[in-house]
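Data block below; observations after.
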Amino acid sequence: MSQYVLRRLLIAIPSLLGISVVLFVVLALAPGDPFSELATNPNVPPEVQAALRAKFGLDDPIYLRYLHWLNAMMHGDWGFSFVSRMNVDTLILQRLPATLYVIGSAQILALLVAIPVGVYAATKPYSLFDQIANTFAFIGFSLPTFFTGLLFILIFSVTLDWLPFVYTTDVKATGIHWVFEMIRQAIMPVAVLGLFQAASMTRFVRSAMLDVIRLDYVTTARAKGLGQATVIVKHVMRNAMIPVVTLIALQMPAVFGGAIVTEQIFRIPGIGSLLISSILSNDTPVVMAVTFVFACLVVLFNLIADVLYGWLDPRISLR
């Protein structure tokens with residue numbers, strides 16, 4: 001198992017390097033740069049503009065700029081935000097907890113909904129429960145997150161006045177009241193992301209369970225007198241979860257994309273909203289760092305998925 005994990009780690013490293021090259025080249029070729037405003041500012045002399053561009057290497061060839069950026073990243077220097085006037089790593093670390101809190105809670109909610117509903121629907125195919133679950137699943141992944149987010153705000157914030165529609169990290173409370181307020185303001189964004197993911201995941205869990213539940217070894221397990229719960233949990237779910245793990249790992253880019261939209265709707269001070277504001281202000285070091293962080297998180301989740309493959313089916317780790 002350790003050799004299997006090591007091989008996956010060795011594959012992840014060149015993947016991250018390739019992603020960083022693509023991201024850097026795309027951003028370098030994009031119009032505008034952090035000092036584009038200086039060219040139209042009459043109060044900044046041309047020699048000062050030239051000195052600043054030379055200091056940050058903006059006029060160097062792309063490959064030199066990439067090598068300098070990569071060397072700095074390897075030494076823990078993520079660059080400097082020209083808009084926020086602070087180091088990029090400090091800026092990201094301030095925003096990252098809110099994003100991970102919302103995304104992590106949404107994924108937990110999605111799993112808590114999708115796995116039980118999908119498993120039970122597969123054990124009762126074409127029943128009333130299965131039809132209701134499929135109907136809600138189709139509705140769930142047909143509605144985009146920005147629509148459901150605005151709908152939740154209209155219902156639970158504007159009409160009923162139950163939940164706040166603006167997320168804030170500066171909660172004026174302490175102790176249990178602080179925990180309650182943090183949970184209360186996260187309910188809508190977590191529900192929007194979690195239910196969207198749960199909708200497609202439910203259909204996939206149901207399909208994977210139906211593929212496995214009809215196999216011969218499941219019939220043999222039942223013929224030996226094993227109970228229905230034992231057959232489903234020990235013999236069906238473990239094999240059915242392998243494609244589900246793949247789906248979860250491949251959905252992570254969509255989850256982060258949905259998080260960017262959700263953070264804009266609910267004003268969550270996460271790295272998604274930081275990315276949007278940095279793009280609008282041409283803050284290239286922040287854009288590069290945030291997109292690379294997203295890429296690292298996606299590769300990390302795919303690595304976790306590979307490790308789970310080896311745990312769910314030991315034959316995979318021996319290949």
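Just so you know, residue 1 is the first one in the sequence shown, and it goes up from there. Not measured: the values here are computed from a predicted model.
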Taking the side chain from N134 and the backbone from D130, do they hold a donor-acceptor pair closer than 3.5 Å?
-> yes
Can you tell me how far the CZ atom of R206 sits from the OH atom of Y120, to the nearest 0.5 Å?
-> 13.5 Å
Among the clusters formed by ILVMFWY side chains lying less than 4.5 Å apart, do I183 and I153 turn up in the same one?
-> yes
Check whether any side-chain N or O of S273 sits under 3.5 Å from a backbone N or O of P269 as a donor-acceptor pair, and report yes or no.
-> no
Heavy-atom side-chain contact between S20 and Y66 under 4.5 Å | yes
Are L17 and V26 in one and the same hydrophobic cluster, where Ile, Leu, Val, Met, Phe, Trp and Tyr link if side-chain heavy atoms are under 4.5 Å apart?
-> no
Between L109 and G194, the two heavy atoms sitting closest are CD2-CA, 4.2 Å
Hey, does the Lys NZ or Arg CZ of R184 hover above the aromatic six-ring of F156, less than 6.0 Å from the centre and inside 45° of the axis?
-> no
Can you measure from CE (M288) to CG (D283) and round to the nearest 0.5 angstrom?
-> 13.5 Å
Do any N or O atoms from the side chain of S105 and from the backbone of Y101 form a donor-acceptor pair under 3.5 angstrom?
-> yes
Heavy-atom closest contact (V102 atom, P189 atom, distance) = CG1-CB, 4.3 Å
Kindly compute the distance separating CE (M201) from CZ (F196), expressed to the nearest 0.5 Å.
-> 10.5 Å
Under 3.5 Å donor-acceptor, T99 side chain and I271 backbone | yes
Is the backbone N or O of T145 less than 3.5 Å from a side-chain atom of T148, with the two atoms forming a donor-acceptor pair by type?
-> yes
Is there a side chain to side chain contact (heavy atoms under 4.5 Å, CB included) between N87 and W78 once you walk through the steps?
-> CA-CA 7 Å; N87 291 330; W78 288 33; over 6 Å; no
Ignoring hydrogens and geometry, is there a side-chain-to-backbone donor-acceptor pair from E263 to G272 under 3.5 Å?
-> yes
If you look at every heavy atom in G270 and A98, which pair is closest and at what distance?
-> CA-CB, 4.4 Å
Cluster overlap I132 with F129, hydrophobic side-chain contacts below 4.5 Å | no
Linking I/L/V/M/F/W/Y whenever their side-chain heavy atoms sit closer than 4.5 Å, directly or via other members, would M73 and M86 fall into one cluster?
-> yes
Could you tell me the separation between the CZ atom of R65 and the CG atom of L70, rounded to the nearest 0.5 Å?
-> 14.5 Å
Is L23 linked to M74 within one hydrophobic cluster, defined over Ile, Leu, Val, Met, Phe, Trp and Tyr using a side-chain heavy-atom separation of less than 4.5 Å?
-> yes
According to the interplanar angle, ranging from 0 to 90°, do the rings of F24 and W69 count as parallel (below 30°), tilted (30 to 60°) or perpendicular (above 60°)?
-> tilted
For the pair V290 and R95, evaluate side chain to side chain contact (heavy atoms under 4.5 Å, CB included) and give the outcome as yes or no after the intermediate values.
-> CA-CA 10 Å; V290 170; R95 302 290 195 101; over 6 Å; no
Compare all side-chain heavy atoms of F266 with those of V192 and state whether any distance is below 4.5 angstrom.
-> yes
Could you grab the distance from atom CG of L111 to atom CD of Q197, nearest 0.5 Å is fine?
-> 9.5 Å
Please report the shortest heavy-atom distance between A114 and A198, naming the atom on each side.
-> CB-O, 3.8 Å
Counting only N and O atoms by type, is there a donor-acceptor contact under 3.5 Å from the side chain of S157 to the main-chain atoms of L154?
-> no
Interatomic spacing from CG in L163 to CD1 in I187 - rounded to 0.5 Å = 5.0 Å
Of the non-hydrogen atoms in A137 and R203, which two are nearest, and what is the gap between them?
-> CB-CG, 3.8 Å
Closest heavy-atom pair, L16 versus A295, reported as atoms and distance to 0.1 Å, is CD2-O, 4.2 Å
